[in-house]
Protein chains: 2
Amino acid sequence: MSVGHTAVTTEPLVSCGGEHEDCGIREVLDRIGDKWSVLVVVELAQGVRRFRQLQRAVPGISQRMLTLTVRRLERDGLVRRTVYPTIPPQVEYELTSMGHSLTHLLKAMADWSAAHREAIAASRRTWDAANPGSGIR
Amino acid sequence: MSVGHTAVTTEPLVSCGGEHEDCGIREVLDRIGDKWSVLVVVELAQGVRRFRQLQRAVPGISQRMLTLTVRRLERDGLVRRTVYPTIPPQVEYELTSMGHSLTHLLKAMADWSAAHREAIAASRRTWDAANPGSGIR
DNA sequence: CAGGATCCGATCCGATACTG
DNA sequence: CAGTATCGGATCGGATCCTG
């Protein structure tokens with residue numbers, strides 16, 4: 001029963017394939033849901049980058065995390081790593097075609113975020129005011 | 001090392017707004033990038049659910065995590081929680097309109113995952129074979 | 001420059017016990 | 001049924017030091 005509100009109930013059209021429990025959503029999040037991956041991918045969407053260049057472009061990331069992040073992206077086939085045996089060493093990172101396809105998904109996330117950021121922030125303020133000291137965040 | 005088509009470079013068209021560092025992507029991931037949120041949302045996309053019903057529908061989730069997950073979703077305005085003061089207590093959870101809009105994004109994630117799952121798995125196998133004992137995963 | 005190795009605190013999450 | 005409270009292990013990520 002609808003509770004007065006709009007409740008258009010426009011047919012889910014969502015979820016996975018019916019009664020199937022999980023789609024591949026968790027797999028995507030396991031891959032890019034960490035703290036830095038999407039930021040690195042977004043920067044690489046601009047073009048080829050070297051290691052230090054990436055680190056400067058992603059404020060706050062440590063060498064350790066940049067290394068780990070870029071290694072995982074390479075392992076998944078989203079990023080191509082090219083080493084030039086020069087002195088000092090030079091390493092270039094760039095998105096693969098699969099990496100580029102991912103940026104379309106990131107664009108969709110950015111759009112959704114922009115569209116609902118205000119509403120979410122407002123909902124949080126309301127909820128926090130109604131539930132003081134709940135410990136939730 | 002080029003795999004198939006190399007560098008079509010179809011113009012990023014991606015990223016955020018130019019030189020702007022971060023879009024809202026990280027905000028989205030901070031919200032639904034945790035272990036259980038998307039699974040709960042996907043289940044709620046099917047319709048109204050009670051607490052135990054949700055827990056049974058999402059295999060492996062503990063009461064604690066279900067409570068925390070559903071509370072955060074409620075706080076963000078993605079889920080509406082309705083309490084019926086009966087004995088035993090009855091609580092219903094359902095997606096808000098904003099929650100339903102999120103399912104479209106989840107659909108996009110599921111589609112991308114399905115389209116690239118094989119390629120990613122293959123890339124991992126190749127990488128793991130070429131980098132034994134790297135510790136990366 | 002581009003990392004590898006190590007230490008360590010913060011956080012996440014599962015298991016368990018208890019409550020109205 | 002629908003939670004709350006507490007404990008502890010596992011993982012994540014930051015800081016630092018070292019190397020070719």
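Letters A, B, ... mirror the listed sequences (proteins, then strands); counts begin at 1.
At a threshold of 4.5 Å between side-chain heavy atoms, the hydrophobic network of Ile, Leu, Val, Met, Phe, Trp and Tyr places I136(A) and F51(B) in one connected group.
With hydrogens and angles ignored, the 3.5 Å screen pairs a side-chain donor or acceptor of T96(A) with a backbone N or O of G99(A). Between the side chain of T126(A) and the backbone N or O of A122(A), at least one donor-acceptor pair lies under 3.5 Å. Not one N or O on the side chain of S113(A) forms a donor-acceptor pair closer than 3.5 Å with the backbone of M109(A). In terms of modelled atom types and a separation under 3.5 Å, the side chain of S101(A) and the main chain of M98(A) share a donor-acceptor contact. Looking only at distances, no side-chain donor or acceptor of R75(B) sits under 3.5 Å from a matching main-chain atom of R71(B).
Which of dA2(D), dA2(C), dC13(C) sits closest to the side chain of F51(B) comes down to dA2(D). Residue P89(A) places its side chain closer to dA2(C) than to any other of dA2(C), dG3(D), dG13(D). The side chain of Y93(B) approaches dG3(D) more closely than any other nucleotide in the set dC1(D), dA2(C), dG3(D). In this structure, of dC1(D), dG13(D), dG14(C), it is dC1(D) that holds the atom nearest to the side chain of R52(B).
A straight line from CD of Q90(A) to C1' of dG3(C) spans 15 Å, rounded to a whole angstrom. Atom P of nucleotide dC1(C) and atom CD of E92(A) are separated by 15 Å, given to the nearest angstrom. For L54(B) and dA2(D), the CG to P distance is 9 Å, given to the nearest whole Å. For the pair R26(A) CZ and dC12(C) C1', the computed distance is 12 Å after rounding to whole Å. Rounded to an integer number of Å, the gap from I61(B) CD1 to dG3(D) C1' is 14 Å. Following rounding to the nearest Å, R31(A) (CZ) and dC12(D) (C1') show an atom-to-atom distance of 18 Å. Atom-to-atom, CD1 of I87(B) to P of dG3(D) comes out at 15 Å; the value is rounded to the nearest Å. Between the CG atom of D34(B) and the P atom of dC12(D) there is a distance of 14 Å, given to the nearest Å.
Contact check, R50(B) against dA2(D): a side-chain N or O comes under 4.0 Å of OP1 or OP2. For dA2(D), neither phosphate oxygen OP1 nor OP2 lies less than 4.0 angstrom from any side-chain nitrogen or oxygen of R49(B). Between dG14(C) and K35(B), a contact under 4.0 Å exists linking OP1 or OP2 to a side-chain N or O.
R56(A) comes within 4.0 angstrom of sugar-phosphate atoms only, judged by non-hydrogen atoms across all strands, and of no base.
V70(B) places none of its side-chain heavy atoms less than 4.5 Å from the side chain of R81(B). A heavy-atom distance below 4.5 Å is not found between the side chains of W127(A) and D76(B). Proximity of R26(A) to L29(A): side-chain heavy atoms (C-beta onward) are separated by under 4.5 Å at one or more points.
Atom-to-atom distance recorded for L66(B):CG and R52(B):CZ is 9.5 Å, nearest 0.5 angstrom.
Closest-nucleotide positions on DNA chain D for V91(B) and G33(A) were compared, and the one nearer the 5' end corresponds to V91(B).
Applying a 4.0 Å cut-off to non-hydrogen atoms, none of the residues of residues 130-137 of chain A approaches DNA chain D. Within residues 63-75 of chain A, the residues having any heavy atom closer than 4.0 Å to DNA chain D are, in order of number, Q63(A), R64(A), M65(A).
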